[in-house]
Amino acid sequence: MQASKTRKYRPYPTVDLPDRTWPDKSITKAPIWCSVDLRDGNQALIQPMNLEEKLEMFRLLLEVGFKEIEAGFPAASQVEYDFLRLLIETKQVPPGVVLQVLTQAREQLIRKTFNAIEGADEAVVHLYNSTSTLQRDVVFQKGRKEIIELAVHGAELIQQQARESGVRVRYEYSPESFTGTELDYALEICEAVLEVWQPTPEKPVIINLPATVEMSTPNIYADRIEWFCRKISCRDRVQISLHAHNDRGTAVAATELALMAGADRVEGTLFGNGERTGNVDILNLALNMFSQGVEPGLDFSNINRVINVYERCTKLKVHPRHPYAGELVYTAFSGSHQDAINKGMTAIELTESELWEVPYLPIDPQDLGRTYESIIRINSQSGKGGVAYIMDREFGFKLPKDMHPGFGRVIQEVTDACGEELSAEMVFHTFEKEYLLGQNGFRLKSFEVMKRHIDRNEKDSRAEISAVLEYRGEEKTVSAGGNGPLDAFCAALRQDLHLHFSLHSYHEHALARGSSSRAVSYIEIIDNDEESWWGAGVDTDIIVASIKSLLSAINRSQAKRKKAA
């Protein structure tokens, strides 16, 4: 940026609060949550929701667990008015849930607002007027006293209408653009409104202090909230509410610090939808608390449903890197990340720990209804640990650790060639082609143990085998004896086919539980050039699986030799 342009701006003023206490506080309980998706979020949409979409979103908010929902600005839009009437007349609002409605401090708007909530059991009537220095000077061209008179007049009209209605009305007041308002003046106008409404501990008034435009670092917002909580005359009779916007990209942090500073309530939207850069993201806030062992009071255990309804109703997409909800947030492409996740998941299973401690994953995706299928995804940046994880979690193949580098290189060649992400199915197809099919090498046609003698001490156990192999369209029969079927087959290959190798490692496991399940064997051989080669074989008979695995390793060794020649 050009230095001359920075002179257009000035730093936001700090708060003189040397004895601030919020830095030493922690969030230990959830605030009162109020969703403004149907009002603040809806007004920010390119195509606002129709009645059916608003109703679907309302039902989603109920499922998530919101008890306070700002349903609209009924005096500003016929659709919003009709939606309020629909909710009330068709009894869509369950017990314990309170509708909130917004109005400016103008008589005709207040009267229409009360018409909209007629018949409701209870409602929050949210009065606001802009109090910032800039708005007073530029938009309204009114002084401090005139703006206070406007707020007081609106509060009196609401109180009068509330007395005449059959609705249990709770009051809320917002000095809009609180962050652009002098602190002493914000306090003065709120005290004037409270003087009209006369809150009690049993019927507190909500004082909402919005960062209508986010103008400072989060710590200054927290300072302003702590200062206000200290100075308000009837702190035990008000609920201090937050309503942060995201102009600086720090609305979540500002809200968290402001809660530490003493606020009681949070207004926000799912996924941060709202004017300009959006409102504070309530889902993000709630799951931040959840990750710290604090019960958030909102249920996001089926996060995919929340995403689907939100995207359908708002016609907005959730960013793939959105915290907790994004398509890619439980995904690792980096090889070192994949390896750490793989080891962390294994450690959790082995220790059966109640604590979630997995590298790179702050929460268990299953707690949000996500699966482990897409935790690790494979592209050219992936490593051997991620590939092994996919083979284990998706297909049940627990590759020996020493086998990881070799298969990792095979996958690396494929991703380098195609330049794209590989699906789990493509990873398995590559494994199958490389290790299991043996298309250009020896294939086992039949295998038979002719004789088997088992010594009690296992020192003189013997087996004689006969096998038929297919190689380049021809069948070859081999036979030999050894101290077991696998040893005998190795002897037959050396004797009848003049193959030179030695067995180095052997691993096996069942692919699934049950007597009829298949088994997989992994064998490592050292060839004549002292190179290591792994093979894999699958069969319902573990002996046959080991024979196939040996042939797999030999085929891979010979394929490399032919390629080099």
Side-chain angles (χ1 to χ4, degrees), residues 31-36 38-40 66-76 80 84 88 93 96-131 147-178 181 186-210 212 225 228-229 231-243 263-267:
I32 300 165
W33 300 110
C34 177
S35 162
V36 294
L38 295 168
R39 199 275 305 168
D40 210 345
F66 286 98
K67 300 302 182 185
E68 298 185 8
I69 299 172
E70 191 163 84
F73 192 156
E80 306 226 335
L84 262 296
I88 294 167
V93 184
V97 174
V98 180
L99 297 178
Q100 181 170 302
V101 287
L102 184 71
T103 182
Q104 292 172 319
R106 288 157 56 186
E107 183 172 356
Q108 67 272 28
L109 301 183
I110 291 171
R111 291 188 183 279
K112 189 168 184 180
T113 299
F114 273 87
N115 289 339
I117 62 172
E118 183 181 352
D121 293 330
E122 185 176 9
V124 174
V125 177
H126 182 182
L127 170 69
Y128 80 97
N129 66 306
S130 191
T131 59
I147 297 295
I148 290 177
E149 288 173 353
L150 182 66
V152 168
H153 181 60
E156 289 171 342
L157 287 173
I158 286 174
Q159 187 179 57
Q160 177 186 341
Q161 290 287 300
R163 288 170 180 161
E164 296 173 1
S165 76
V167 181
R168 291 195 305 275
V169 175
R170 291 166 51 195
Y171 303 131
E172 176 175 358
Y173 175 68
S174 287
E176 191 198 4
S177 299
F178 168 74
T181 304
L187 179 65
E188 183 182 358
I189 197 168
C190 289
E191 293 280 20
V193 170
L194 291 172
E195 182 64 27
V196 175
W197 283 342
Q198 292 293 306
T200 65
E202 295 74 31
K203 191 179 178 182
V205 165
I206 300 165
I207 295 294
N208 191 50
L209 303 175
T212 309
I225 297 302
F228 196 95
C229 288
K231 299 292 186 179
I232 193 78
S233 63
C234 49
R235 182 65 184 93
D236 63 332
R237 287 166 280 162
V238 298
Q239 293 175 350
I240 300 297
S241 180
L242 308 171
H243 183 117
D264 309 298
R265 184 177 183 268
V266 171
E267 295 186 351

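When a residue number appears, it is its place in the shown sequence, counting from 1. Source: prediction; values computed, not measured.
- Considering only heavy atoms from C-beta on, I232 comes within 4.5 Å of E191 through its side chain.
- By the 4.5 Å heavy-atom criterion applied to side chains, E80 and L38 are not counted as neighbours.
- Two residues are said to be in side-chain contact when any heavy atoms from C-beta on lie closer than 4.5 Å; T113 and F73 fail this criterion.
- E122 places no side-chain N or O within 3.5 Å of a backbone atom of R168 that could act as its donor or acceptor partner.
- Contact check for K112 versus P74: no side-chain heavy atoms found under the 4.5 Å cut-off.
- Atom CD1 of residue I158 and atom CD of residue E172 lie 10.5 Å apart, to the nearest 0.5 angstrom.
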CA sep, side-chain torsions, deciding dist, call: S165, E118, side chain to side chain contact (heavy atoms under 4.5 Å, CB included): CA-CA 7 Å; S165 76; E118 183 181 352; over 6 Å; no
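- Atom CD of residue Q160 and atom CZ of residue R111 lie 6.0 Å apart, to the nearest 0.5 angstrom.
- Closest heavy-atom contact between G119 and I88: C-CG2, 3.6 Å.
- Separating the SG atom in C34 from the CG atom in L242 is a distance of 12.0 Å, to the nearest 0.5 Å.
- Considering only heavy atoms from C-beta on, V125 comes within 4.5 Å of I117 through its side chain.
- Nearest heavy atom pair, residue L102 against residue Y128, reads CD1-CD2, 3.6 Å.
- A pairwise comparison of heavy atoms in W197 and A155 identifies NE1-O, 3.0 Å as the closest pair.
- Across A71 and L84, no two heavy atoms sit closer than the pair CB-CD2, 3.8 Å.
- Here the straight-line distance linking atom CD of E156 with atom CD of E195 works out to 10.5 Å at 0.5 Å rounding.
- The minimum heavy-atom distance linking G154 with L127 is given by the pair C-CD2, 3.8 Å.
- No donor-acceptor pair under 3.5 Å is formed between the side chain of S241 and the backbone N or O of N208.
- Formation of a donor-acceptor pair under 3.5 Å by the Q239 side chain with backbone atoms of R265 is not found in this model.
- To the nearest 0.5 Å, atom CG of residue D40 and atom CD of residue E70 are 7.5 Å apart.
- Considering every non-hydrogen atom in both P175 and L209, the closest pair reads CG-CD2, 4.0 Å.
- At a threshold of 4.5 Å between non-hydrogen side-chain atoms, the residues R170 and E68 count as touching.
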Evaluate the side chain to side chain contact (heavy atoms under 4.5 Å, CB included) criterion for residues F114 and V169: first the C-alpha distance (whole Å), next the side-chain angles of each, then the deciding distance (0.1 Å), finally the verdict. CA-CA 10 Å; F114 273 87; V169 175; 3.8 Å; yes
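- Contact annotation: the side chain of Y173 never approaches that of L194 to less than 4.5 Å [non-hydrogen atoms, C-beta and beyond].
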Would you please test H243 and F178 for side chain to side chain contact (heavy atoms under 4.5 Å, CB included) and show each step? CA-CA 10 Å; H243 183 117; F178 168 74; over 6 Å; no
Can you check side chain to side chain contact (heavy atoms under 4.5 Å, CB included) on N129 and I189, steps first, answer last? CA-CA 10 Å; N129 66 306; I189 197 168; 4.1 Å; yes
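- Counting only heavy atoms from C-beta outward, the side chains of L187 and F228 approach each other to under 4.5 Å.
- A salt bridge is defined here as a Lys NZ or Arg NE, NH1 or NH2 lying under 4.0 Å from an Asp or Glu carboxylate O, and E267 with R39 fails to meet this definition.
- Once rounded to the nearest 0.5 Å, the distance linking CG of L109 with CD of Q104 reads 6.0 Å.
- Of the residues D264, I32, V124, the one that meets the side chain to side chain contact (heavy atoms under 4.5 Å, CB included) test with I206 is V124.
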